[in-house]
A.B. asks: 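Take this structure, written in structure tokens, and hold onto it; I'll ask about it next.
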Amino acid sequence: MSAIRAIRGMSDILPAESVDWRTLETTVAAVLDSFGYDQLRLPLVESTELFSRSIGEVTDIVEKEMYTFDDRNGESLTLRPEGTAGCVRAAIQHNLITTPCRLWYAGPMFRYERPQKGRQRQFHQIGAEVLGIATPDIDAELIILLARVWRELGLTSAVTLEINSIGSSDSRLRYREALVAYLDTCRGELDEDSQRRLASNPLRILDSKNPQTQALLDGAPALADFLDDESRADFQRLCDLLDVAGVAWRHNPRLVRGLDYYNKTVFEWVTDRLGAQGTVCAGGRYDGLVEQLGGRSTPGIGFAMGMERLILLLRELNLAAPSRTADVYVVTVGDAAQDAALGCVQSLRDSGAAGRIEQHAGGGSFRSQMKKADRSGARVALIWGEDEVAGNAVTLKLLRGEGGQQTLPLAQLDNALRQALARTND
RNA sequence: GUGGCCGUAGCUCACCAGGUAGAGCACCGGAUUGUGACUCCGGAGGUAGCGGGUUCGAGACCCGUCGGCCACCCCA
């Protein structure tokens, strides 16, 4: 009988990591909260059409990476590959789009890709979306919010912000023609992937990793020269606001994004500490998406951060939390002692005298219980044996440092325990 | 989807001209019938990812397959 394993690319988050996950989630949530963003909890499964209509029919995500299946009634459903589409769908469906409309969500996303460092088939994002605001002050707000998140996590020195404007769809269309015209002249020198993209998604050639292709692009027309006046002005205003806020940024004129719905401002927070998948958070403006999904024309902008990548980065920077240990381990010998301990431990939990109280279970000799107390990492052992039960007392033993123990009346336990923990707290 | 490296105990790894598997750590018990850590003694744990082939004989060689890691692609 072979054991059943987790599905490829869908990893378990084990105790050694789950503490960091919680820290990460609560930190981000607290910052979003403090900026006035409201959480949305969304389904993992949506109608397939939602994604083909928003992300773009010819993107890799829609073409070959979605987990798509038929519901029992024949409707095509898809495990969400990203969060923006569902968030916008919900906002339209429930009439949430009043200005201001600041939303965030968190949870797993699914893409059928080959797993590698920083990339799983089930991965987790926290994202935020602002609907109804067209001016670049909100672009700046999102970035300033993120800068605060990195600061609170201790990641500031490890990430850099890259920003760009990809303009209106009209200006992008004109640029696209110019770019294709240029690259056509040296088509033979392009790498295989870029030749393919020339037909499907020429803008993506801009962020090709191929050095020879990048060299060719040096002579190519620049996206910035094709921007419409409004995009140009908004981008300038965004840069100014970031300067005022003290957020460092780098203009990457070749930054484009993979999803079709983006326009104007696009940005990425990248790190060089994680290998090939260095984008830790990315976002951009999507002024046409709401209308495209059946709502009334409404500007929008948002971002999503990759939780797995942030966790990797925390570990890379040695910021990961040590594994949790117990504060107190409760040892009892015999049924009468177990009975006596039970009530006392309840009181300790009620009063909050200790954070983590591990009560021995599963039997075993006194000695083996003491061993478990030691292995639990607890600083204090509370011991109930025959003598304690007879004397209405409990023994409090210090397991770290110089050690020592005392037997005291039950009435003094709460105070004595608090003191012992405070003293041994490092 | 493509490519490279890798798959021996829970973990880190060894053995190996191909002759039927070992260490350290971890775990469990005891030395101490009410006291952990250090020490000592003992124990449990592997059909060597799985399937096939070559061979008298394969964990070692070959093929396939599954899985892992990394990179391409794509993207958070």
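Below, read A as the first sequence line, B as the second, and so on, with proteins coming before strands; counting in each chain starts at 1.
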A.B. asks: Please round to the nearest 0.5 Å and tell me the distance separating atom OG1 of A:Thr298 and atom CG of A:Leu131.
C.D. replies: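 If I round to the nearest 0.5 Å, the distance is 7.0 Å.
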A.B. asks: Among B:C69, B:C73, B:G30, which nucleotide sits nearest the side chain of A:Ser365?
C.D. replies: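 Of the candidates, B:G30 comes closest.
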A.B. asks: Whole Å only: how far is the CG atom of A:Asp374 from the P atom of B:A26?
C.D. replies: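 Going from CG in A:Asp374 over to P in B:A26 covers 12 Å.
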A.B. asks: For B:G1 and B:U65, measure between their P atoms and round to the nearest Å.
C.D. replies: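 The same atom, P, in both gives a distance of 12 Å.
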A.B. asks: Taking the C1' atom in each of B:A9 and B:A21, what is the distance between them to the nearest angstrom?
C.D. replies: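 Their C1' atoms lie roughly 10 Å apart.
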A.B. asks: Rounded to whole angstrom units, what separation is found between the CD atom of A:Gln116 and the P atom of B:G4?
C.D. replies: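 Distance, rounded to whole Å: 16 Å.
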A.B. asks: Is the base of B:C70 touched by the side chain of A:Gln277 through a donor-acceptor pair closer than 3.5 angstrom?
C.D. replies: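 Looking at the base of B:C70, it does not pair with any donor or acceptor on the side chain of A:Gln277 (distance under 3.5 Å).
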A.B. asks: Which of these nucleotides, B:A37, B:U35, B:C70, is closest to any side-chain atom of A:Lys371?
C.D. replies: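 The answer is B:A37.
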A.B. asks: Which listed nucleotide (B:A31, B:G34, B:C69) is nearest to the side chain of A:Pro115?
C.D. replies: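 Of all the options, the side chain of A:Pro115 is nearest to B:C69.
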A.B. asks: Using the C1' atom on both, measure B:G53 against B:G18 and round to a whole Å.
C.D. replies: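 Comparing C1' positions in B:G53 and B:G18 gives a spacing of 15 Å.
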A.B. asks: When you measure from the side chain of A:Arg114, which nucleotide among B:A76, B:U32, B:A71 comes out closest?
C.D. replies: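 Between B:A76, B:U32, B:A71, the one nearest the side chain of A:Arg114 would be B:A71.
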A.B. asks: Please state the P separation for the pair B:G67 and B:A58 - nearest whole angstrom.
C.D. replies: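 Approximately 27 Å lies between the P atom of B:G67 and that of B:A58.
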A.B. asks: Could you tell me if A:Asn210 and A:Ser208 have a donor-acceptor pair between their side chains, going purely by distance under 3.5 Å?
C.D. replies: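 The answer is no; no qualifying pair exists.
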A.B. asks: Can you tell me if the side-chain N/O atoms of A:Lys209 get under 4.0 Å from OP1 or OP2 in B:C72?
C.D. replies: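 Checking A:Lys209 against B:C72: at least one side-chain N or O falls below 4.0 Å of OP1 or OP2.
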A.B. asks: Could you check which nucleotide pairs with B:U39 in any of the strands shown, counting Watson-Crick or G-U wobble with both distances under 3.5 Å?
C.D. replies: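 Matched B:U39 with B:A31 under the 3.5 Å cut-off.
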A.B. asks: Any strand is fair game: report the nucleotide pairing with B:C61 by Watson-Crick or G-U wobble, both distances under 3.5 Å, or none.
C.D. replies: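 B:G53 is the nucleotide pairing with B:C61.
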A.B. asks: Report yes or no: is there a donor-acceptor pair, N or O only, under 3.5 Å between the side chain of A:Gln405 and the base of B:U35?
C.D. replies: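 Such a pair is found, so the answer is yes.
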A.B. asks: Does A:Glu82 come within less than 4.0 Å of A:Arg111, counting only side-chain N to carboxylate O?
C.D. replies: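 Salt bridge between A:Glu82 and A:Arg111, a charged N being under 4.0 Å from a carboxylate O: no.
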A.B. asks: Could you check which of B:G67, B:A71, B:C74 has an atom nearest any side-chain atom of A:Arg119?
C.D. replies: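 Within the option list, the nearest is B:C74.
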A.B. asks: Taking A:Asp38 first and then A:Arg102, would you say they form a salt bridge - that is, a charged N and a carboxylate O separated by under 4.0 Å?
C.D. replies: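 Judged by the 4.0 Å cut-off on N to carboxylate O distance, A:Asp38 and A:Arg102 do not form a salt bridge.
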A.B. asks: Any strand counts, and the cut-off is 3.5 Å on both contacts for Watson-Crick or G-U wobble. Which nucleotide pairs with B:A44?
C.D. replies: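 WC or wobble partner does not exist here.
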A.B. asks: Any side-chain donor paired with an acceptor under 3.5 Å for A:Arg197 and A:Ser194?
C.D. replies: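 Result is yes, a qualifying pair exists.
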A.B. asks: What distance, rounded to whole Å, do you find between the two C1' atoms, one in B:A48 and one in B:C41?
C.D. replies: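 Result for the C1' pair: 30 Å, nearest Å.
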A.B. asks: Base, sugar-phosphate alone, or nothing: which one does A:Lys372 contact when heavy atoms must sit under 4.0 Å apart?
C.D. replies: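 Result for A:Lys372 = sugar-phosphate.
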A.B. asks: Is A:Arg375 close enough to B:C28 that one of its side-chain N or O atoms is under 4.0 Å from OP1 or OP2 there?
C.D. replies: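 For B:C28, OP1 or OP2 has a side-chain N or O of A:Arg375 closer than 4.0 Å.
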A.B. asks: Whole-Å distance between B:G1 C1' and A:Glu192 CD?
C.D. replies: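 Checked: the CD to C1' distance equals 12 Å.
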A.B. asks: How many whole angstroms separate atom CE of A:Met109 from atom C1' of B:C74?
C.D. replies: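 Computing the A:Met109:CE to B:C74:C1' distance gives 17 Å.
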A.B. asks: Kindly say if A:Arg367 contacts the phosphate of B:G36, meaning a side-chain N or O under 4.0 Å from OP1 or OP2.
C.D. replies: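 Looking at the OP1 and OP2 atoms of B:G36, one of them is under 4.0 Å from a side-chain N or O of A:Arg367.
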A.B. asks: Would you indicate, yes or no, if B:C74 has its OP1 or OP2 atom less than 4.0 angstrom from a side-chain nitrogen or oxygen of A:Arg197?
C.D. replies: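 Yes, within the criterion.
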A.B. asks: Whole angstrom is fine here: how far is it from OH in A:Tyr329 over to P in B:U35?
C.D. replies: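 In whole Å, B:U35 P and A:Tyr329 OH are 17 Å from each other.
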A.B. asks: Report the base-pairing partner of B:G24 (Watson-Crick or G-U wobble, both distances below 3.5 angstrom), or none.
C.D. replies: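 Across any shown strand, B:G24 pairs with B:C11.
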A.B. asks: Would you kindly give the CZ-to-P distance between A:Arg8 and B:C70, to the nearest whole Å?
C.D. replies: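 Rounding to the nearest Å, CZ of A:Arg8 and P of B:C70 are 12 Å apart.
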A.B. asks: Mind checking whether A:Tyr261 and A:Tyr286 have parallel, tilted or perpendicular rings, split at 30° and 60°?
C.D. replies: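 Ring orientation of A:Tyr261 relative to A:Tyr286: perpendicular.
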A.B. asks: In whole angstroms, how far is the P atom of B:G34 from the CD atom of A:Glu388?
C.D. replies: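 Those two atoms, CD and P, are 12 Å apart.
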A.B. asks: In whole Å, I'd like the distance from the CE atom of A:Met10 to the P atom of B:G67.
C.D. replies: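 From A:Met10 CE to B:G67 P: 12 Å.
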